[in-house]
Trainee: 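Sharing a structure below in structure tokens format, with a few things to ask.
Every chain is numbered from 1, with letters handed out A, B, ... down the list of sequences.
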Amino acid sequence: MDNHVGQDSFDKSRVLNVKPLRTLVPVFPSPSNPSSSSTPQGGAPFVCASPAGPFPTGVAPFYPFFVSPESQRLSEQNAPTPQRATPISTAVPINSFKTPTSATNGDVGSSRRTSRNRAAHITEEEGYNNTEMNELDVEDGIGNGSSKRKKRGRAKRASAGPVTGVSGVVPVDVDLDVVANDILQSINPMVFDVINHPDGSRDSVLFTLMIYEVMRRKLGQIEESTKEAHTGAKRPDLKAGTVMMTKGVRSNGKKRIGIVPGVEIGDIFFFRFELCLVGLHAPSMAGIDYLGSKASQEEEPLAVSIVSSGGYEDNTDDGDVLIYSGQGGVNREKGASDQKLERGNLALEKSMHRGNDVRVIRGLKDVMHPSGKVYVYDGIYKIQDSWVEKAKSGFNVFKYKLVRMPGQPEAYATWKSIQQWTDKSAPRTGVILPDLTSGAEKVPVCLVNDVDNEKGPAYFTYIPTLKNSKAIAPVEPAAGCSCVGGCQPGNYNCSCIQKNGVPPTCRNRVSQVGLKFRLEVFRTKNKGWGLRSWDAIRAGTFICEYAGEVIDSARAEMLGGENEDEYIFDSTRIYQQLDVFPADIEAPKIPSPLYVTAKNEGNVARFMNHSCSPNVLWRPIVRENKHESDLHIAFFAIRHIPPMVELTYDYGINLPLKAGQRKKKCLCGSVKCRGYFC
DNA sequence: CTTATTCAGGGGTAT
DNA sequence: ACCCCTGAATAAGTC
């Protein structure tokens, strides 16, 4: 228990600094610092009002300020307080955690259930090639608080003292450990109870990844904003990973052979540390994970998992077979040498003789994110053969032939198929229409059915955005800083920096409004038509908006009632807390209610089905256009979504039901299914 | 844009 | 202490 995360009393400045997962949230700069307005780009900027209602400036919706009575009660009674492995003292409603995420890749939590939102803005900048909403959450000012904070935890980096800005404003001195602790503290203790279970669960894995994402992003923001001071984390991925490891915020901490509870075949990851944290592959860099002779209680080491990431000359031609190279023989100083039958190589050899299961993670180039990689968990393989061969370098290299065990869900094979469809080396079967948007989107959206004989959805006109949207009053202070082309880190005259201490860099833009991913409308087995993507989608990434005809509440009432229009988007629907806080039902607050019908005219969003365990969520967004601005609904990925996985969001509940409206039986199949939606 | 190079880095295992 | 199929930033090579 000595690793209590900041326990001392609690000083408000620290609490204020905590950025819950909301950090993931589209990090919309708070209303008071719309850094975005600074970029007078061509495209209509997006300003986002988070569904979580405006908050008083400077006040973060976290305990002890905003915890709901229910939340508090629940956490108190369910949490075996005394011996919680990870001591997080402050209770925070889980929803803040699961709040809509945002923009960057973060995924954050998800649920839109949170109600609290503070208005935030997201601006969109055409041409910014990062689709993900960026996470610069400038909101409550990291700098303010932290700079004042006393340094408790030890920061490795030598903080060379506060860097003071020109105008004497905010020192950019951020203690990474303090920031990390603040994030941990802002998490609902109940989450840790889930995570700390000896055997992982789906929730523990997802929570872990969510926390890591928030942490990584937050540390990355700091790094970016403090570049010149060389004070940030050079490797946010490593720093965040270290913190989580140290605090025990991880899943499946015990190394094991075979499947890992809570991790599903086909799951994707974007950082090696994610693999460590969920218990899939422990080494932060090495490609072979194994149980040493001690851990395995045997004389010999046994392999548990491998990551094939292109570092050696692996052969991956056949999707079910992998020729993997042993480790070693590539010392940088000493140059190449023969590999030795030791460590991982020995473990693989032993595992082959024993016929043990070996988990395989395949690293691929992430097309959407050129500089990075995506790791695909491809399930259980067994080692069928091993030999030594001369590598190009002329030295001996061990080779292992791994064969995928049959009966497992498709994972890497799906990626291969998509690649073939892409390069036309194999045809996409079941295509009904190559582009259902008829060119209305920059990217074609195909219509496919390989399930039954339906020829397509009922007729509708494809439009990429809202029709008849009404201008709303400009979102509060449209005034942010006056930086043009983005706030510069060193500009202390920038109001964003003055207010937050951290330069927002003005990257808070969801890049384009249009589609970025290669989406397809497909026939589901039992839910009619659905939507999915050929491209992997990172948590927090903007996917699309809800296009259609804006209508008023009376019309929505009428259409949604007796007319049974199933394509109505109603921002006033309520999102039920599914898991931990069933009583916490609050309606998202947005500048003004929005009702949209996509029955006759709409875009891909009209095909997204409901799920009680959704992988997508929506956020209200205000798009600025010259002097006007109007409200839009944007969808973001809650977590990493592998290709071809159906995109779903929580439709919420209409209470009371409109005249003539009926509850619909939910077919989402989730273990958390509410049973219906309406 | 694709590939190569540089460089700081963390956990795990072995010593 | 050493090893290792990071990952980002930078540089250089391709078109």
Trainee: Choosing from C:dT6, B:dG11, B:dA14, which nucleotide comes nearest the side chain of A:Y290?
Mentor: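 The closest nucleotide is B:dA14.
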
Trainee: Rounded to whole angstroms, how far apart are CD on A:E274 and C1' on B:dG11?
Mentor: 17 Å

Trainee: Applying a 3.5 Å limit to both distances, which nucleotide forms a Watson-Crick or G-U wobble pair with C:dC5?
Mentor: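 Partner of C:dC5: none.
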
Trainee: For A:G326 and for A:S371, locate the closest nucleotide of DNA chain C by heavy-atom distance; then report the residue assigned to the nucleotide nearer the 5' terminus.
Mentor: A:G326

Trainee: Please tell me whether A:Y400 and A:Y324 form a close aromatic pair, meaning their ring centres lie under 6.0 Å apart.
Mentor: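 No, the ring centres sit 6.0 Å or more apart.
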
Trainee: So what does A:D314 hit on the nucleic acid, given a heavy-atom distance under 4.0 Å: a base, only sugar-phosphate, or nothing?
Mentor: base

Trainee: Which nucleotide wins on minimum distance to the side chain of A:S325, given the candidates C:dC3, C:dC5, C:dG7?
Mentor: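 Looking only at side-chain atoms, A:S325 lies closest to C:dC5.
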
Trainee: Ignoring the backbone of A:T242, work out which of C:dG7, B:dG12, B:dG10 is nearest its side chain.
Mentor: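 Nearest listed nucleotide: B:dG10.
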
Trainee: Quick one: list whatever passes side-chain hydrogen bond (donor to acceptor under 3.5 Å, both in side chains) with A:W421, sequence neighbours left out.
Mentor: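 Listed in chain order: nothing, the list is empty.
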
Trainee: With respect to the side chain of A:S284, which nucleotide from C:dA8, C:dC4, B:dG11 is positioned closest?
Mentor: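 Taking heavy atoms from C-beta onward, the closest nucleotide is B:dG11.
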
Trainee: Which nucleotide, C:dT6, B:dG12, C:dC5, lies nearest any side-chain atom of A:Y375?
Mentor: C:dT6

Trainee: Is A:R256 salt-bridged to A:D199, going by a charged N under 4.0 Å from an acidic O?
Mentor: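 Yes, A:R256 and A:D199 are salt-bridged.
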
Trainee: So, are A:D535 and A:R518 salt-bridged, with charged N and O less than 4.0 Å apart?
Mentor: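 A:R518 and A:D535: salt-bridged.
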
Trainee: Under 4.0 Å, counting only non-hydrogen atoms across every strand here, what does A:G328 touch: a base, just sugar-phosphate, or nothing?
Mentor: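 Sugar-phosphate only.
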
Trainee: Considering every strand and a 4.0 Å limit on heavy-atom distances, what is the contact class for A:K255: base, sugar-phosphate, or nothing?
Mentor: sugar-phosphate

Trainee: Would you mind telling me which of B:dG12, C:dA8, C:dT6 lies closest to the side-chain atoms of A:R272?
Mentor: C:dT6

Trainee: Are A:K416 and A:D320 within salt-bridge range, i.e. N to O under 4.0 Å?
Mentor: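 Answer for the salt bridge query: no.
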
Trainee: Of the nucleotides C:dA8, B:dG9, C:dC4, which has the atom closest to the A:Q327 side chain?
Mentor: C:dC4

Trainee: When you get a sec, tell me which of C:dC5, B:dG12, B:dT3 is the closest nucleotide to the side chain of A:K365?
Mentor: B:dT3

Trainee: Between C:dA8, B:dG10, C:dT6, which nucleotide gets closest to the side-chain atoms of A:R235?
Mentor: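 In terms of side-chain proximity for A:R235, the closest of C:dA8, B:dG10, C:dT6 is C:dT6.
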
Trainee: Hey, which sits more toward the 5' end of DNA chain C by its nearest nucleotide, A:G372 or A:V330?
Mentor: A:V330

